[in-house]
2 protein chains.
Amino acid sequence: MYSLAEENYLKAIYHLEQETKGEVSTNAIAERMATKPSSVTDMMRKLADKKLLSYKRYKGVLLTSEGRKTAANVIRKHRLWEVFLVEKLDFHWDEVHEIAEQLEHVQSEKLIAKLDQFLGNPDFDPHGDPIPDQHGNVKRTEKKLLSELDKKQRGVCVGVKESSSDFLQYLDKKKITIGTKVTVLGKEFFDGSMVIQVGRDQFFISKKIAENLYVQTN
Amino acid sequence: MYSLAEENYLKAIYHLEQETKGEVSTNAIAERMATKPSSVTDMMRKLADKKLLSYKRYKGVLLTSEGRKTAANVIRKHRLWEVFLVEKLDFHWDEVHEIAEQLEHVQSEKLIAKLDQFLGNPDFDPHGDPIPDQHGNVKRTEKKLLSELDKKQRGVCVGVKESSSDFLQYLDKKKITIGTKVTVLGKEFFDGSMVIQVGRDQFFISKKIAENLYVQTN
DNA sequence: AAATATTTTTAGTCTTATCTAAATATTAGA
DNA sequence: TCTAATATTTAGATAAGACTAAAAATATTT
C-alpha cells in the first residue's frame, strides 16, 4: 500500500502526463500539488525507488506501468465515490470533489468492487469523466465540445472542460447535467454564440459556455 | 479539524472512560492503541493543550466536554458507515470494522448528514451499538445478556458483547442478526445452556453463546 | 558562444508521531 | 514505613513529508 502523499503525487503525474503527452517536469508537479519543487524532487526519488516512475535528474518523470495502474486505481475510486455522492446522497456535482479526494484513499479492494456494483458499474462520473476499470483501463470516448456542433445537430452532454463552481452552478440553473440532450437551434459565426434547446426550454449561450461543455454525438 | 492520530486517541479514551468509569491511565491507552506509554504521554500533553482532555502528570486523563463531543462524532461516523456497508453494500457484519476505521476520518459535516438520512437515521449499528446523534448524545438502552433471560421470555437481539469473527459467523449461520426475535424455550441451570426459538428454527445454545448476545426485552 | 534567466537539485531545518532507554513517581508488600 | 514492583515521564533519536536558501544544471538571449 502507498501513503496518502504518494497516491496524490501519482494522481497528479498521471493527469499531467495526459496533458503534456511526455515527461512531466518537477515544476509542473509542484504547481499542481501546491508544494515546492524541492519537495517534489525528494518524492520523485522515493517513487522511482519504488519503481512507480522513471526519473533522471533534471529530465522529468514518466510513470511506469505499475505507477500508471496505481494512479488509475486512485482515480477510479475518486470517480466512483463521486457517482455515489451525486446519485445516492443527492449532492450537487459541483460539491463532491473535495469529499471524493478523501474517500479515494480508503483502502479496500472489496469495498470498491461492491460500491461499483451498487452503483450499477457506471462508466462515467458526474462530470462526464471516464471511470477506469479494475485494470486501470479507461473507456476513451469520442467527445467533442458543444461549440464544435453545427446548427440542427444534437448531442448528449457527457462532461465539462472547466469545472469551476460558477460554471457548474450555471449548468445546474439551466438544468444541464450528464445525459442531458442538447440541440443546436442556431449558431452565430461572428461571436460563436448559440441558441440551444434543452428539454422544453430554448435559450442563448455564449461561446465561452459552448467551449466548456463536452457532448457526444452519434 | 483534528489529525487522524488525535481522533484515534480521543476515540480510545472515550471507550476506556466508559469501561473504567473514571480517569484513564497512560498504560491503558497505550495498550488499546498498540503504542508505547511514552508516545501516549506526548499525545496527552498535546490534547490537553487543545483543551480536549484534562491531564495531570501521573494521574491519568479525563475528556472535556469538547473532547467527548469530538470522540462521539468520530464514533457516530464509524457506526453510520458500518450501517452503510452492511445494509447497502451487503457486507457481513464481521468484516466492516476495518473499513469503517478508515471512513470515520473523512471530514464533511454535510456528508454525514446526508449519509444518515440515506440510511434512514438508524439508531444502532450492525453490531447493536448505539449511534451518537449530532450532539454526541447516545440513546442508552436497557439491554441485557440473553443468558439473563428465563424460560418463556422473549427478546430482540440488539448487539454482541464479543465480536470475534468466529462468533459473528456462528450467529450468521444461525440467522441471528440485529432485530432478530429470540424466545427462550428451555434453560438448563446446571450448565447455563438454553434451547431457543429463532424464526421457525429451534436449537440448542451453550452458556458461552448466551453470555455474549445482548437482547432487549420490553 | 558567452551571459543571463530559469529550472532543478542539494543541504540543512522543521513538525508530527512514533520509538528506546533512562529517570522519576506512585503503589503495594513485608 | 521502608523497599520492591509497577507506572509514568523525560531525554534523545528516527522517519515521513514538508520547507528555505544556496548551488548546480539546463535553456534562452543577445
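To find a chain, count down the sequence lines: A is the first, B the second, and so on, and within it residues start at 1. Because the structure is a prediction, the values reported are computed rather than measured.
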| message | Below the 4.0 Å mark, does C/dT9 have OP1 or OP2 next to a side-chain nitrogen or oxygen of A/Arg45? | response | no
| task | Starting at atom CE of A/Met44, determine the distance to atom C1' of C/dT9, rounded to an integer number of angstrom. | result | 13 Å
| message | Between B/Lys207 and B/Glu188, does any side-chain N to carboxylate O distance fall below 4.0 Å? | response | no
| Centroid-centroid distance, B/Phe91 to B/Phe84, less than 6.0 Å | no
Distances for protein N or O near nucleotides 18-22 of chain D N or O, under 3.5 Å:
from   : atom 1 : to      : atom 2 : distance (Å)
D/dA18 : OP2    : A/Tyr9  : OH     : 3.4
D/dC19 : OP2    : A/Lys36 : N      : 3.1
D/dC19 : OP2    : A/Ser39 : OG     : 2.6
D/dT20 : O4     : A/Ser38 : OG     : 3.0

| remark: B/Glu6 CD to C/dT18 C1', in whole Å, measures 14 Å
| query | Does A/Asn27 place a side-chain N or O at less than 4.0 Å from the phosphate oxygens OP1/OP2 of C/dT8? | reply | yes
| query | How long is the line joining CG of B/Asp49 and C1' of C/dT16, in whole Å? | reply | 14 Å
| Roughly, in whole Å, what's the span from CD in A/Glu31 to P in C/dT7? | 10 Å
| request: Ignoring hydrogens and angles, tell me if any N or O in the side chain of B/Gln216 forms a donor-acceptor pair with the backbone of B/Cys157 under 3.5 Å. | output: no
| In Watson-Crick or G-U wobble terms, both distances under 3.5 Å, what is the partner of C/dT7? | D/dA24
| note | To the nearest angstrom, the NZ-C1' distance between B/Lys59 and C/dT26 comes to 7 Å
| query | Between A/Lys114 and B/Asp90, is there a donor-acceptor pair closer than 3.5 Å when you use the side chain of the first and the backbone of the second? | reply | yes
| C/dT10 phosphate, OP1 or OP2, under 4.0 Å from A/Arg57 side-chain N/O | yes
| request: Determine: side-chain N/O of B/Tyr55 to OP1/OP2 of D/dT9, distance under 4.0 Å, yes or no. | output: yes
| said: Taking B/Lys11 first and then B/Glu101, would you say they form a salt bridge - that is, a charged N and a carboxylate O separated by under 4.0 Å? | reply: yes
| request: Mind checking A/Thr26 for me? I need base, sugar-phosphate or nothing, with any heavy atom below 4.0 Å counting as a touch. | output: sugar-phosphate
| B/Asp133 and B/Arg76 ion-paired at < 4.0 Å | no
| said: Strictly distance-based, threshold 3.5 Å: is any side-chain N or O of B/Lys69 a donor or acceptor partner for the main-chain N or O of B/His135? | reply: no
